[in-house]
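Below you'll find the structure, written out as C-alpha cells, and then a few comments.
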Number of protein chains: 2
Amino acid sequence: MNEKEYLEIYDATQFDSPLMTVDSVLLTIKDNQLCVLLAKRANHPFIGQWGLAGGFIDTAKDKSIEDCAKRKLVEKTGVVPSYLNKLTVQGDPDRDPRGWSVSVAYYALIAHQACEAHIEDVSEVEWVTLESLASTSLELAFDHLTIIDKALVQLKVDASRTLIVAHALPTHFTLGELQKAHEIILGCSIEKKSFRRRIEKADVLEDTGEMSKAAGRPAKLFKVKSELDAYSFRCGLDL
Amino acid sequence: MNEKEYLEIYDATQFDSPLMTVDSVLLTIKDNQLCVLLAKRANHPFIGQWGLAGGFIDTAKDKSIEDCAKRKLVEKTGVVPSYLNKLTVQGDPDRDPRGWSVSVAYYALIAHQACEAHIEDVSEVEWVTLESLASTSLELAFDHLTIIDKALVQLKVDASRTLIVAHALPTHFTLGELQKAHEIILGCSIEKKSFRRRIEKADVLEDTGEMSKAAGRPAKLFKVKSELDAYSFRCGLDL
DNA sequence: TCAATAGTGTCTATTAGACACTATTCC
DNA sequence: GGAATAGTGTCTAATAGACACTATTGA
C-alpha cells in the first residue's frame, strides 16, 4: 500500500482520540487591580458556572490553534487582544466529564477600555479581580483555576523580564502607570530610577509627544514599539 | 436536560476534531556534539522517513500527556529521560496529510550512555548530530524540523539561565565537562571563573567525593541535586 | 622536566538599588 | 506656598568578565 492509498482509506473516527479545547486567560489591569475575563457557560458540562473563554477548534474555520484562541476571544470581547502567547497544555482522563481531554491554553493581555462596550453588552462575560477569585470559593469549570494560576506565574516571570505588561494598558500611558501595573502584578514596589533605567535601555517605548493630565506634574505619554514583544532584559550568561 | 442526561447521549465521534500527537525532542551530548534522537517511521504517512519519537495518546494507558511522551520515549530508548519538559504545541490543517493535526511537543535530555544498549539493538532509532541535520538536506517527517529548531532555542535559553544541561551528562561529571556541554549548546566559550561562581551560588550540585581520571589534574565528580530542575539564576527585576 | 587540566585570587567595569534632589503642574 | 506627581544625579554594594596565578596529575 502506498501513501496515497493509505490516505484514501484513512478514517480518523475509527481511533479513540482525546477531546481538544483551546482556552485563553485574558488579563487586564482595571481600577488598579489585575483582572481575568470569565464567561458563564451556556452549555453542558458545567452549565451556568464561570470559566475561561474557549472552545473547540473549528477545523473548517481555524487555520491554526492561535486562530481558534483569537476567534473565541473576539466572540467574548469584540477585539483581538494586543498580546497573545502560548501558555501551557494540559490533558488527562478526568478533567472533562466527557472523557480524555486536552486543553491548549493561551494567555493574553488587553486594555480593558478596548473591550468595555462589548463586555457590557454581553451579560455572561465579566472581568473578575484575581483578589476576589482567590478569596471567594467561586468554583470554575474544568481545571480552569489551575490554568489561571499558571498564567499568573508566567505573567510574573514576564513582568520581571520584559515590558509586555504595557499591553494591559491603553495605547498611550505614562511611565508611572506602567510602573504601577508592574507593581500590581509583581506584588511589590519597584524602585523608580531602576525601572526607568531599564525602560531606557530596552528602547521599546516611543514618546508620543503628548502629555498626561492628572494630579501633579504632567507626564510624557508613551506607546509601545513593535519590537517590544520580542525584547527581554539580559538574563543568565552573557552571550 | 441535566448534565447527567447530556453525558449519557454525548458522542464525541459526531464532532470533527483534529488529530493529536505527542512528539519529543530528546537531546544529548555525545562525542562533544549535540545530538537529537530520530526514529525511522514504520508507518504511513512519511513511511521510511526520519522523525521525532512520538505518536498518538492511548486513552486507555496514558494518565497524562507527559505519560504519553514518556511511554513513546521508553519504546525508543528503554528508559525515562532524566529531564522532560513541555516545549510547544503547534497545529494547523496542513502539517499532516491526514487532516487538521496538533502536535504537543516535549523536549528532553538524557546521557546517551543511559540508553546506548537499547538504541544499538533497535535499528530504526539513531542519534543524529545537529550539525549534520543542518548541513544535509535530510527531510524529516511532518514539521518535525521546526519543532527541533524550537527545542534548540529553548535549550539555549535554559542553558544560559539554569543548569539543566547537567541532565545531558552521565550521573557523575566534572565541572569542566559541564562547562564544555554549555559551550557546545551555546556555541561560544564561557569564562571558567564566572561559570564556577554561578554553580557555587546555585548550590544545586553535590560533590560525590569521587575524582575523575583523565588527562591532567583529576577533577571532582559532581551529581545533580533534586533542586536543580527548579533552579534559575536571577533575571530581571529583584523581587 | 613539561603538557594538560583543575581550581583560585583579584582587578575592573558595569549595574541595580537607595535616596535625595530638582521640576512642573493645580489648588 | 503646598500637595502631588514627574523626572534626574549620584553614591554604594554586588557582580560578571578578564586574566594571571597556583595545584595536581601522568608521561
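Everything numeric here is computed off the predicted structure, so don't read it as measured data. A note on names: the letters A, B, ... follow the listed sequences, proteins ahead of strands, and every chain is numbered from 1.
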Report the C-alpha separation of B/H182 and B/F195 in whole Å, then their side-chain angles, then the decisive distance to 0.1 Å, and conclude whether the ring-ring contact (aromatic ring centres under 6.0 Å, His included) test is met. CA-CA 10 Å; B/H182 279 82; B/F195 187 73; 5.1 Å; yes
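Between A/R71 and A/D62, the closest side-chain pair of non-hydrogen atoms falls below 4.5 Å.
The aromatic rings of A/Y83 and A/Y107 lie perpendicular to each other, with more than 60° between the two planes, well past the 30° mark. Using a 30° and 60° split on the angle between ring planes, B/F142 and B/H144 fall in the tilted class, from 30° to 60°.
Contact annotation: side chain of B/K193 to base of D/dG17, donor-acceptor pair absent below 3.5 Å.
Atoms CG and OG1, on A/L169 and A/T28 in that order, are 7.5 Å from each other to the nearest 0.5 Å.
In this structure, A/R197 places its CZ atom 11 Å from C1' of D/dC11, rounding to the nearest Å. D/dG7 atom C1' lies 12 Å from atom CD of A/Q179, rounded to whole Å. Computed from coordinates, the A/I199 CD1 to D/dG7 C1' distance equals 12 Å when rounded to whole Å. Counting to the nearest Å, the P atom of D/dA16 and the CZ atom of B/R161 are 15 Å from each other. Atom CD in B/E191 sits roughly 9 Å away from atom C1' in D/dA16 (whole-Å rounding). Between the C1' atom of C/dT24 and the CG atom of A/L175 lies a distance of 16 Å, rounded to the nearest Å. When rounded to the nearest whole Å, the span between CZ of B/F195 and C1' of C/dA6 equals 14 Å. Rounding to whole angstrom units, CG of residue B/L178 and P of C/dT5 are separated by 17 Å.
Contacts between residues 204-224 of chain B and DNA chain D, defined by a heavy-atom separation below 4.0 Å, involve B/G216, B/R217, B/P218, listed by number.
Of the residues near DNA chain C, B/K192 and A/K192, the one whose nearest nucleotide (by heavy atom distance) lies more toward the 5' end is B/K192.
Considering B/R161, B/Q154, B/K156 in turn, B/Q154 is the only one that fulfils the side-chain hydrogen bond (donor to acceptor under 3.5 Å, both in side chains) rule with B/D158.
Contact annotation for B/K180: no contact, since no heavy-atom pair falls under 4.0 Å across all strands.
Remark: side-chain polar atoms of A/D31 are not paired, donor with acceptor, to backbone N or O of A/Q33 under 3.5 angstrom.
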